[in-house]
Amino acid sequence: MRKILVAGNWKMHGSKTMVQSLLEGLLAGSSADAKADLVVFPPFSYLSQTESILSGSHIHWGGQTLNPNAQGAHTGETSGSMLKDLGCHYVLVGHSERRSIYAESNEDVALRFKAALDARLHPVLCVGETLEEREQGLTESVVERQLDAVISGVGIDAFRRAIVAYEPVWAIGTGLTATPEQAQSVHAFIRDKLSSLNGIIAGQLRILYGGSVKGSNAAELFAQSDIDGGLVGGASLTVEDFLAIYSAVA
Ligand code: PEP
């Protein structure tokens with residue numbers, strides 16, 4: 001059985017005061033024996049504070065990206081081993097904002113995925129199509145190319161340690177959500193594709209949905225057979241909204 005995972009991507013939001021109250025609120029409103037796992041992705045600058053508040057608790061945390069290199073002259077960048085040193089279990093790779101604003105190609109994403117594995121982190125590989133691509137009927141081919149770049153870089157076995165997040169770009173931060181049926185159909189496509197390479201790994205892989213997940217739509221999305229939780233942006237920034245999603249897990 002795949003346990004539901006609810007993850008919050010804070011993006012470039014936060015302050016020391018906000019981190020303290022948000023994490024304390026999440027600790028108070030969640031528990032280790034709940035039906036869902038909880039993970040937060042704070043900005044790098046607050047990972048140390050996050051570690052001191054969450055250390056030893058049931059809530060895990062991760063970085064929002066990482067540099068593909070292990071170390072060296074890369075001003076402003078953060079390596080996988082640095083994330084590991086700050087207690088991270090996870091790291092996002094290939095979020096659509098990294099792909100579109102910071103020009104990360106499928107091949108760059110594959111290198112970051114590998115760097116995450118090298119640092120013993122669990123990569124959360126984000127894939128998804130733009131509105132234009134969906135309207136042209138290209139959703140599956142875009143997602144397939146994004147997956148193939150990683151599979152050809154690291155092999156299917158590497159997905160044992162990974163999570164995939166399907167995030168249609170047109171639904172991120174827009175208030176538009178894929179219908180449960182639209183999301184389920186792409187999730188099933190992803191699982192079937194990976195299953196053709198290794199059925200056990202594909203069966204165990206958690207595939208999260210991301211794109212304007214809220215307390216009001218989470219239950220219906222998470223009830224789909226191939227949706228194993230959510231990657232949440234805006235609604236992960238307040239205790240009330242994020243816990244409403246976490247509590248939607250039946
Ligand atoms: C995201 O950026 O990963 C995301 C899903 O954002 P939102 O929930 O705000 O659409």
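Bear in mind that the values here come from a model prediction, so they are computed numbers and not experimental data. Each ligand, and each atom within it, is numbered from 1 in the order the structure gives.
Among all non-hydrogen protein atoms, the one lying nearest atom 1 (C) of ligand 1 is H95 NE2, 3.3 Å. Among protein heavy atoms, the minimum distance from atom 5 (C) of ligand 1 is reached at E167 OE2, 3.1 Å. The single protein non-hydrogen atom nearest to atom 4 (C) of ligand 1 is G233 N, 3.6 Å, given as residue, atom name and distance.
Residue L231 has no nitrogen or oxygen atom sitting less than 3.5 Å from a nitrogen or oxygen atom of ligand 1, judged on distance alone. Here's the thing with G210: none of its N/O atoms is less than 3.5 angstrom from an N/O atom of ligand 1. Residue-to-ligand polar distances keep G211 apart from ligand 1: every N/O pair is separated by 3.5 Å or more.
Taking every non-hydrogen atom of I172 and a distance limit under 4.0 Å, the qualifying atoms of ligand 1 come out as 1 (C), 2 (O), 4 (C), 6 (O), 10 (O). Atoms of ligand 1 lying under 4.0 Å from at least one heavy atom of S212, given by number and element, are 7 (P), 8 (O), 10 (O). Near K11, meaning under 4.0 Å from any of its heavy atoms, are these atoms of ligand 1: 1 (C), 2 (O), 6 (O). Close approach to G234 involves these atoms of ligand 1, each under 4.0 Å from a residue heavy atom: 7 (P), 8 (O), 9 (O).
Using a 4.0 Å cut-off between heavy atoms, N9 contacts ligand 1 through its side chain alone, with no backbone atom that close. Contacts between A171 and ligand 1, counted as non-hydrogen atom pairs separated by less than 4.0 Å, involve the backbone only.
One finds the CG atom of N106 at 5.5 Å from the CD atom of Q146 (value rounded to the nearest 0.5 Å). With values rounded to the nearest 0.5 angstrom, L138 atom CG is found 12.0 Å from E144 atom CD. Note: L92 CG to T65 OG1 = 8.0 Å, rounded to the nearest 0.5 Å.
Using modelled atom types and a 3.5 Å distance limit, the side chains of S30 and H58 yield a donor-acceptor pair. Side-chain atoms of D108 and S105 include a donor-acceptor pair closer than 3.5 Å.
The aromatic rings of Y166 and H187 stand perpendicular to each other, their planes meeting at an angle above 60°, with 30° marking the opposite boundary.
Put simply, part of G173 is less than 4.0 Å from ligand 1, judged by heavy atoms.
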(message) Let's go through R112 and E104 carefully: what are the C-alpha distance in whole Å and the side-chain angles of both, what is the deciding distance for salt bridge (charged side-chain N to carboxylate O under 4.0 Å, His left out) to 0.1 Å, and is it a yes or a no?
(response) CA-CA 10 Å; R112 284 171 166 77; E104 284 181 20; 3.4 Å; yes

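At a threshold of 4.0 Å, the pair R134-E129 counts as salt-bridged, since one of the basic side-chain nitrogens sits closer than that to a carboxylate oxygen.
For A218 against V213, the heavy-atom pair with the smallest separation is CB-CG1, 4.1 Å.
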